[in-house]
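Notes to accompany the following structure.
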Protein chains: 2
Amino acid sequence: MLSKSSKYAIKAVLFLALNSNDKKKVMVKDISEPINVPQAYIAKLLQKLSRQNIISSSRGRKGGFYLSDNNRKQSIMSIIEVIDGEKNFNSCMLSLKECDEDKPCPLHKTLYPFKSNIIRNLESISIKELALEVELGNAFLPL
Amino acid sequence: MLSKSSKYAIKAVLFLALNSNDKKKVMVKDISEPINVPQAYIAKLLQKLSRQNIISSSRGRKGGFYLSDNNRKQSIMSIIEVIDGEKNFNSCMLSLKECDEDKPCPLHKTLYPFKSNIIRNLESISIKELALEVELGNAFLPL
DNA sequence: ACTAAAATATGATAAAAATCATTTTTAGGA
DNA sequence: TCCTAAAAATGATTTTTATCATATTTTAGT
C-alpha cells in the first residue's frame, strides 16, 4: 500500500511536527534515532521533502530540519506523492491500464469505494491535525 | 497494495475460471499470452497456487491448468495469501509493530475501517462470483 | 517400451527498492 | 577570514522482487 519510504517519511514528518519549529531545528541523527530509521536513508527522504517544500531545512551550523506553520498545513498525501510519486494509489487494483467506471476491472466495483475513501482521507488530513492526535494521546508513534 | 505477482495470479485464475474446467485444461503459454504476463513467470505462480490447491493441474500430454468446482469456491484473498503471504494486508499502515485499537498509530483510526472492509471483501468474494461478473459483462479483463 | 508434450523444479539474471558511504556546499561563530 | 557543523548531492552496495533459462519428471498416445 505505502512503500517503506513513504512510511518512514510520514513518521519523520510527524516527529518534526512534534519536536521542531522555526526556532528549534533538528538534525538528521536526532530524527533517525527515535523513529528507528537508518540515518543516511531518512536524510535522503528529508532532502526530497525539503526540495518540494513539504518540510523546511537550513544548512550549516545551527542548521537542521523543521516544520514551518505553512508546512504543517500540507496533507499527508502530499508526503506520499513526493516520495512514491502518486502512482501507487491511483492505479487499478489489478494494474489494468484501462480501468474506470465504464470498463471496470473485476475488483473495481467492490474495492474502489473503499480505496477512494482512503485517498480522500489522506488528502484531507493535515500534518498538523495528525500531530495533534498524538499530542492529545489519542494516537501513538512507537518504534 | 497488491504485489505485481498477486495481480498476475488473480488475472490468471480468473482467466482459468472463464476458460477451463476438469475436461478442458489450458497450458501455460495459452494463459500467459492473453493475460499478457511472461510465460515462465506466470508458470511459477501457477505452480505455487497448484501446490496449495487453489487451482488444479495435471502434467504430461493433454495436461494443463484448470479449475475444479471446489477451486472456484476459494476466495480471492486465498490467492493473495498464497502468493504474497498475507503480511501486506494485515500490517499497520505505518508498519509499527504495536498498532491496534488500544495503541493505534496516527493513521489507524481514520484508515483502518476502510482497509478492514477491503480485506473482508476480498475474503468473501469467491473466484466463481468474480468470474461471473465478467461473464455477465459487468466487469472486464483487458490487457 | 518409446516419444513427445506437458507441468515441475531449480537456479541464474535483471530491475527496482532500500541502504550505506563519500564528497560538496552552506552558514554561523571564533 | 577561516574553521566547523550541518544539509545536500552523488553514487555505490545490498536486498528484494520480478524475470528468464534450463533441466527434470510425469503422462498420454503410438
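The model shown is predicted, which means the values in this text are computed figures rather than measured ones. A, B, ... follow the sequence lines: proteins, then strands. Residue 1 opens every chain.
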Between the side chain of Glu129(A) and the main-chain N/O of Ser126(A), is any donor-acceptor distance below 3.5 Å? yes
Using the side-chain hydrogen bond (donor to acceptor under 3.5 Å, both in side chains) rule, take Thr110(B) and Asn121(A) through it: C-alpha gap first, then chi angles, then the decisive distance, then the call. CA-CA 7 Å; Thr110(B) 22; Asn121(A) 269 282; 5.4 Å; no
Given atom OH of Tyr41(B) and atom P of dA12(C), what is their separation to the nearest angstrom? 19 Å
Roughly how many Å is it from CG in Asp30(A) to C1' in dA5(D), rounded to a whole number? 13 Å
Spacing of Leu14(A) atom CG and Leu107(B) atom CG [to the nearest 0.5 Å]: 7.5 Å
Rounded off to whole Å, could you give me the CD1-to-P distance for the Ile35(B) and dT19(D) pair? 12 Å
Donor-acceptor pair, Asp30(B) side chain versus Val26(B) backbone, under 3.5 Å? no
Nearest whole angstrom, please: distance from the P of dT22(C) to the CD of Gln39(A). 14 Å
Without decimals, in angstroms, what is the distance between Lys25(A) NZ and dT26(C) P? 17 Å
Which whole-number value in Å describes the distance from Lys7(B) NZ to dT17(D) P? 15 Å
NA contact type, Tyr8(B), heavy-atom cut-off 4.0 Å: base, sugar-phosphate, or nothing? sugar-phosphate
Any donor-acceptor pair under 3.5 Å from Asn71(B) side chain to Ser68(B) backbone: yes
Output a table of nitrogen or oxygen pairs between the protein and nucleotides 4-10 of chain C separated by less than 3.5 Å.
residue: dA7(C); atom: OP1; partner: Val28(B); partner atom: N; Å: 3.0
residue: dA7(C); atom: O3'; partner: Ser57(B); partner atom: OG; Å: 3.4
residue: dT8(C); atom: OP1; partner: Ser57(B); partner atom: OG; Å: 2.6
residue: dT8(C); atom: O4'; partner: Arg59(B); partner atom: NH1; Å: 2.7
residue: dA9(C); atom: OP2; partner: Arg51(B); partner atom: NE; Å: 3.2

What integer distance in Å separates Ile42(A):CD1 from dA7(D):C1'? 14 Å
Would you mind reading off the distance between Leu49(A) atom CG and dA7(D) atom P, rounded to a whole angstrom? 14 Å
Residue pairs passing the side chain to side chain donor-acceptor pair (under 3.5 Å) test where at least one lies in residues 41-50 of chain B, sequence neighbours excluded: Ser5(B)-Tyr41(B), Ser50(B)-Ser57(B)
